[in-house]
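Report on one structure; see the data block that follows.
Side chains included, hydrogens not; waters and symmetry mates left out as well; all remaining heavy atoms used. Both ligands and their constituent atoms are indexed starting at 1 by order of listing.
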Amino acid sequence: MSCMVKICGINSEDALIAAMSAGADALGYVFFPPSPRHISLKGATTLTKQVPNSILKVGLFVEAGDEALQTAIEAGNLDVIQLHGKESPERVTEVKQRFGLKVMKAISVSTADDIDKAQSDYDGIADFLLFDAKPPKDSVLPGGNAVSFDWTLLTGRHFKSDWMLAGGLNPDNVAEAIKISGAPWADVSSGVEKIKGVKDARKIADFIHAAKGY
Ligand SMILES: O=C(O)c1ccccc1NCC(=O)[C@H](O)[C@H](O)COP(=O)(O)O
């Protein structure tokens, strides 16, 4: 079965067109000002209005309050809320109930224990789990760091929630990462950029084709 692909950090028309044309299944929009991929509410409206219903529009937040979630959801007509901070299982449930949208919880991974704990805390509560590498100690970003983790930690694992593999993926390693981890989704941000925060249309296409095996 071909892997589903999320291209995260869509912040320009060029990136949007490249991702949609190449067959992305989900687009990530960052609402976190310290990120070089952060977009405004107006930008969210512009960069989502032409996205067909067949592609998921994912809003990415870090410990955001309800008002920030509400305004971004409205601006971007979002389908999925990605919580990429230290949000608790209770917060995941609260956000799901309050906004009636699917919720993706990002899980920072460096050891098997991190996955075990996430499975215990969030599996079946969040609609999606996104397994990402733990951020480097000096990083101001909880994600989008181009850092990978040991994909074999996910080999043979099964979850109630749908799930994504993220962290340091790129067109050259994504096929191997999917094969080793068994991931149904692959997520990327840095690995399809020419410089931090600027997407590269060719790399986006190459990533999607490699992830989908064509
Ligand atoms: O992408 C960001 O700038 C970002 C900032 C703050 C929190 C999360 C962020 N990205 C979340 C994602 O879903 C990324 O695609 C994921 O962390 C993988 O990033 P990368 O290793 O750069 O492919």
Hey, which atoms in ligand 1 end up nearer than 4.0 Å to a heavy atom of [X]?
X	result
Ser35	2 (C), 3 (O), 5 (C)
Asn145	21 (O), 22 (O)
Ser190	20 (P), 22 (O), 23 (O)

Protein heavy atom at shortest distance from [atom]:
atom	answer
atom 23 (O) of ligand 1	Ser189 N, 2.8 Å
atom 5 (C) of ligand 1	Gly143 O, 3.7 Å
atom 1 (O) of ligand 1	Arg37 NH1, 3.1 Å
atom 13 (O) of ligand 1	Gln82 NE2, 3.0 Å

Below 4.0 Å from any atom of ligand 1, is there a heavy atom belonging to [X]?
X	answer
Gly9	no
Lys6	yes
Gly168	yes

side-chain hydrogen bond (donor to acceptor under 3.5 Å, both in side chains) against Ser139, all qualifying residues, sequence neighbours excluded = Asn145
Mind checking side-chain contact (heavy atoms from CB on, under 4.5 Å) for Ala112 and listing every partner two or more places apart, or none if nothing turns up?
-> Leu153, Arg157
Got a salt bridge between Arg91 and Asp66, using NZ or NE/NH1/NH2 to carboxylate O under 4.0 Å?
-> yes
So, are Asp127 and Lys105 salt-bridged, with charged N and O less than 4.0 Å apart?
-> no
